[in-house]
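Written out below as structure tokens is the structure these notes cover.
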There are 2 protein chains.
Amino acid sequence: MAISDHKSTESKKRTYSISELAAEFDITTRTIRFYEEKGLLNPNRNGQNRIYTPADRTKLRLILRGKRLGLSLEESRDIIDMYAADRDNSDQLQTLINKIREKRAQLQHQLFDIETMIQDLNEAENNLIEAMAKHDQKPTLTEKR
Amino acid sequence: MAISDHKSTESKKRTYSISELAAEFDITTRTIRFYEEKGLLNPNRNGQNRIYTPADRTKLRLILRGKRLGLSLEESRDIIDMYAADRDNSDQLQTLINKIREKRAQLQHQLFDIETMIQDLNEAENNLIEAMAKHDQKPTLTEKR
DNA sequence: TATTACGTTGACGTTAACGTCAACTTGGTG
DNA sequence: CACCAAGTTGACGTTAACGTCAACGTAATA
């Protein structure tokens, strides 16, 4: 993946303002600055104003995806750092690989959890629908799924 | 599912102390009491001591699974309440079904996120391994300047 | 009987992840 | 020029999810 957003044919616009990104991802500018404080972003400056590259935008997307999955900001930073790892330090490379494997195992567990929870919800829904059918005999508009 | 743990042939022991559950799930007793404060559990009492049924234990497991998936305690409580819904109030049943569908849709999104993140990690790992292989062919530069 | 183990209820402290607000710059626009 | 919109940096406030005591009760054990 390598966070560098190969130049596609579209999008002439190569940079973003902070409020553009905030609007696009439906977060506040405060949040974006906060992520910078925490070392997850470090955009260039035009004078004192921040300007964001497509790569910065991709990082933001990774952060928000991580949040949806319950990762802490620090964990997301770890993942982002993986893509920018120093390819000349083999010690660091090894620990990175270990981190990746650990994280992947955790995600696979999470994947299993989600699948069973979806199953549980399906069952619960069916039970409720059944209960409703018994309760009022008139056909409900609620079709299954 | 219906949180009632059908009596299986095993487990003569029908109840648990707070510290037993804490040990089993590797959390503190404070945490368990906190969940009760928040209305996610309400165990019986023996005098002033709490005693937990297998159903309570199952609820705890649901809470912790929810946590792994990034659910808030309130969301987990909603889910738990679904299983104990009042089957005679069809209005409530309908809103429950809606909640379930919403939650399931969210989980399916999350499932997709996880799958792509796992893919990303796979790629990252391969890149790093490749980088290591190249690196190791040159004489290892143990001394840094 | 004294100690130990396990439990209880407050009450206050802590951390992550922002929200809110005040005071300031800076680049256009009528 | 005067003003506004968008940006900036502190600094303090807030909420969720517990941690960390302190002070106490109770049952079994030495």
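Computed from a predicted structure; not experimentally measured. By convention in this document, chain letters (A, B, ...) are assigned in the order of the sequence lines, proteins followed by strands, and residues within each chain are numbered from 1.
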Requested in this report: For the helix from C:dT1-D:dA30 to C:dG30-D:dC1, figure out the bend between the end axes, five pairs an end, and round to 10 degrees.
Outcome: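 Between the axes fitted at each end of the helix from C:dT1-D:dA30 to C:dG30-D:dC1 lies an angle of 20°.
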Report summary line: Ordered by number, residues from residues 33-41 of chain B within less than 4.0 Å of DNA chain C (heavy atoms) are B:R33
Query raised in the report: Among residues 68-79 of chain B, which contact DNA chain D at a heavy-atom distance under 4.0 Å?
Result: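 DNA chain D contact set from residues 68-79 of chain B: B:S72, B:L73.
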So, is [X] near the phosphate of [N], with a side-chain N or O under 4.0 Å from OP1 or OP2?
X     : N      : result
B:S17 : C:dG7  : yes
A:R50 : D:dT8  : yes
B:K67 : D:dC18 : yes
A:S19 : D:dG7  : yes

When the distance from [atom1] of [X] to [atom2] of [N] is rounded to whole Å, what number comes out?
X     : N      : atom1 : atom2 : answer
A:N46 : C:dG27 : CG    : P     : 9 Å
B:F25 : D:dA17 : CZ    : C1'   : 19 Å
A:D26 : C:dC18 : CG    : C1'   : 15 Å
B:I18 : D:dC18 : CD1   : C1'   : 14 Å
B:I27 : D:dC18 : CD1   : P     : 8 Å
B:I51 : C:dT8  : CD1   : P     : 11 Å
B:L64 : D:dA17 : CG    : P     : 13 Å
A:Y52 : D:dA6  : OH    : C1'   : 13 Å

**Report entry** Heavy atoms from other residues, nucleotides or ligands near CD of A:Q94 exceed 12 (cutoff 6.0 Å)
**Finding:** yes
The criterion is side-chain contact (heavy atoms from CB on, under 4.5 Å); which residues satisfy it with [X], sequence neighbours excluded?
X      : value
B:E102 : none
A:R101 : A:I97, A:R104, B:E125, B:I129
A:E24  : A:L21, A:R57

List for me each residue that meets side-chain hydrogen bond (donor to acceptor under 3.5 Å, both in side chains) alongside [X], sequence neighbours excluded, and say none if there are none.
X     : value
B:R30 : none
B:T31 : B:T28
A:D78 : none

Query - Contact summary for B:I32 and B:A22, nearest pair of heavy atoms - result: CD1-N, 3.7 Å
Report task. Considering non-hydrogen atoms only, spot the tightest contact between B:I63 and B:S76 and give its length. Result -> O-OG, 4.0 Å
Query raised in the report: Listed by chain and number, what are the salt bridge (Lys or Arg N to Asp or Glu O under 4.0 Å) partners of A:E75, not counting sequence neighbours?
Result: A:K103
Pairs under 3.5 angstrom only: tabulate donor-acceptor contacts from the side chains of residues 38-51 of chain A to other protein residues two or more places apart or in another chain.
residue : atom : partner : partner atom : Å
A:R45   : NH1  : A:Q48   : O            : 2.7
A:R50   : NE   : A:E36   : OE1          : 2.6

Report task. Could you check if a side-chain atom of A:I27 sits within less than 4.5 angstrom of a side-chain atom of A:L60, using non-hydrogen atoms only? Result -> yes
Query raised in the report: Are A:T53 and A:D56 close enough that some pair of their side-chain heavy atoms sits under 4.5 Å apart?
Result: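 With C-beta onward as the side chain, the pair touches.
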Contact list (N/O, under 3.5 angstrom) for nucleotides 19-25 of chain D vs protein:
residue : atom : partner : partner atom : Å
D:dG19  : OP2  : B:T28   : OG1          : 2.6
D:dG19  : OP2  : B:T31   : OG1          : 3.0
D:dG19  : N7   : B:R30   : NE           : 3.4
D:dG19  : O6   : B:R30   : NH2          : 3.1
D:dT20  : O4   : B:R30   : NE           : 3.0

Report task. Going by the salt bridge (charged side-chain N to carboxylate O under 4.0 Å, His left out) test, name the single residue among A:R68, A:R61, A:K67, A:R65 that passes it with B:D113. Result -> A:R68
